[in-house]
Amino acid sequence: MATLDRAFYERPVVEVARDLIGCSVRHGPTSGLIVETEAYHDSEPACHAFAGLTPRTETLFGAAGRAYVYRSYGIHALFNAVCEAEGVGAAVLIRALAPLRGTELMRARREAAAPRGARLRALTDRDLCSGPGKLTQALGIELRLNGSSLARGPVLVGPRTRRWTETEILAGPRIGITKAVELPWRFWAAGERNVSR
DNA sequence: CATGGGATTGACT
DNA sequence: GTCAATCCCATGC
């Protein structure tokens, strides 16, 4: 599989976030098309790297083109692509995918990860990757993949397979944060059903 | 060493 | 709309 090289990520993080819409993520037999992203940069307080270099943010400040995976709310792993020059703390959060391959494995993983007492009805394809915590469950992306190469794997990010026009990609404020809420650093594919709610 | 806060999700009123 | 689950790590004593 063709993968994006380090130069792709070694650019302003907001540009990379926009350009990742329509690209693909694959982990083993499971894959999806990126339909929603958010940019984070150490110059603004919503970014983990805002606090400076700590054990947690070491990957963020490292080389571009690697995975930054961290635990959110004690429950979910969230998957990011590290961007910009080494020494700059910046990354793109992958917020949603349109499932491509391995949907039955994704469904099995999502069901296995469901909380106790959950789920009275079956998971639809739309329930698999339509959020940052869901897609890491579906693709089996865990904390141990923090720091791994997105060009060499185990998690691979591939380029767009078609041209995307300006009007197909929308921008707006990021979700779920309490600081720097005004920055329009969230991007999504217009009309895509798998974009998070 | 103790404490508190999340880049979320899913159930429930 | 509200709320709890749950854990890594930053901060402060």
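Residue numbers begin at 1 in each chain, while the letters A, B, ... track the order of the sequences.
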S.K.: How close or far is atom P of dG10(B) from atom CD of E111(A), stated in whole angstroms?
M.R.: 12 Å
S.K.: Using the C1' atom as the point on both nucleotides, what is the distance between dA7(B) and dG1(C), in whole Å?
M.R.: 22 Å
S.K.: If you measure from the Lys or Arg side-chain nitrogens to the Asp or Glu carboxylate oxygens, is any gap between E86(A) and R66(A) under 4.0 Å?
M.R.: no
S.K.: Which atom pairs, one a donor and one an acceptor, fall under 3.5 Å between side chains of residues 96-104 of chain A and the rest of the protein, sequence neighbours left out?
M.R.:
{"from": "E104(A)", "atom 1": "OE1", "to": "R107(A)", "atom 2": "NE", "distance (Å)": "3.3"}
{"from": "E104(A)", "atom 1": "OE2", "to": "R107(A)", "atom 2": "NH2", "distance (Å)": "2.9"}

S.K.: Are L93(A) and R174(A) packed together at the side-chain level, in the sense that at least one heavy-atom pair is separated by less than 4.5 angstrom?
M.R.: no
S.K.: Between atom NE2 in H76(A) and atom C1' in dT6(C), what is the gap in whole Å?
M.R.: 9 Å
S.K.: Let me check something: any side-chain donor-acceptor pairs from residues 185-197 of chain A under 3.5 Å, sequence neighbours excluded? List them with distances.
M.R.:
{"from": "R186(A)", "atom 1": "NE", "to": "E36(A)", "atom 2": "OE2", "distance (Å)": "2.8"}
{"from": "R186(A)", "atom 1": "NH2", "to": "E36(A)", "atom 2": "OE2", "distance (Å)": "3.1"}
{"from": "E192(A)", "atom 1": "OE1", "to": "N194(A)", "atom 2": "N", "distance (Å)": "2.7"}
{"from": "E192(A)", "atom 1": "OE1", "to": "N194(A)", "atom 2": "ND2", "distance (Å)": "3.1"}
{"from": "S196(A)", "atom 1": "OG", "to": "E36(A)", "atom 2": "OE1", "distance (Å)": "3.0"}
{"from": "S196(A)", "atom 1": "OG", "to": "E36(A)", "atom 2": "OE2", "distance (Å)": "2.9"}
{"from": "S196(A)", "atom 1": "OG", "to": "R95(A)", "atom 2": "NH2", "distance (Å)": "3.3"}

S.K.: Using the salt bridge (Lys or Arg N to Asp or Glu O under 4.0 Å) rule, take R18(A) and E166(A) through it: C-alpha gap first, then chi angles, then the decisive distance, then the call.
M.R.: CA-CA 10 Å; R18(A) 191 184 181 288; E166(A) 288 285 325; 3.4 Å; yes
S.K.: Polar-atom pairs under 3.5 Å, protein N or O versus N or O of nucleotides 1-3 of chain B: list them with distances, or write none.
M.R.:
none

S.K.: Send over the distance from L135(A) CG to dT9(B) P, rounded to a whole Å.
M.R.: 8 Å
S.K.: Nearest 0.5 angstrom please: L135(A) CG to S130(A) OG, how far?
M.R.: 9.0 Å
S.K.: What residues form a ring pair (Phe, Tyr, Trp, His ring centres under 6.0 Å) with Y70(A), not counting sequence neighbours?
M.R.: H48(A), Y68(A)
S.K.: Quick one, give me the B/S/- string for nucleotides 7-13 of chain C, reading 5' to 3', where B means a protein heavy atom under 4.0 Å from the base and S means that only happens at the primed atoms, P, OP1 or OP2.
M.R.: B-SS---
S.K.: At 4.0 Å (heavy atoms only), tell me whether I177(A) reaches a base, stays on the sugar-phosphate, or touches nothing.
M.R.: sugar-phosphate
S.K.: Are F79(A) and V25(A) close enough that some pair of their side-chain heavy atoms sits under 4.5 Å apart?
M.R.: yes
S.K.: Is the distance from OP1 or OP2 of dG10(B) to the nearest side-chain N or O of K134(A) less than 4.0 Å?
M.R.: yes
S.K.: Rounded to the nearest angstrom, tell me the gap between atom CZ in R95(A) and atom C1' in dT9(B).
M.R.: 11 Å
S.K.: Taking the side chain as every heavy atom from C-beta outward, state whether L128(A) and K134(A) have any atom pair closer than 4.5 Å.
M.R.: no
S.K.: In dot-bracket form, 5' to 3', how is DNA chain C paired? Count Watson-Crick and G-U wobble pairs only if both distances fall under 3.5 Å, and write | where the partner sits on another strand.
M.R.: |||||.||||||.
S.K.: Starting at NZ of K179(A) and ending at C1' of dG5(B), how long is that distance when rounded to a whole Å?
M.R.: 9 Å
S.K.: Starting at atom CD of Q137(A), determine the distance to atom P of dT8(B), rounded to an integer number of angstrom.
M.R.: 14 Å
S.K.: Specify the separation, in whole Å, of atom CG of N80(A) and atom P of dT8(B).
M.R.: 11 Å
S.K.: Ignoring hydrogens and geometry beyond distance, is a side-chain donor-acceptor pair present between R110(A) and Q137(A) at under 3.5 Å?
M.R.: yes
S.K.: Roughly how far, to the nearest 0.5 Å, is the SG atom of C83(A) from the CD atom of E10(A)?
M.R.: 9.5 Å
S.K.: Nearest 0.5 angstrom please: N146(A) CG to R56(A) CZ, how far?
M.R.: 10.5 Å
S.K.: Contact class for R174(A) (heavy atom, under 4.0 Å): base, sugar-phosphate, or nothing?
M.R.: nothing
S.K.: Whole Å only: how far is the CZ atom of R109(A) from the P atom of dT9(B)?
M.R.: 17 Å
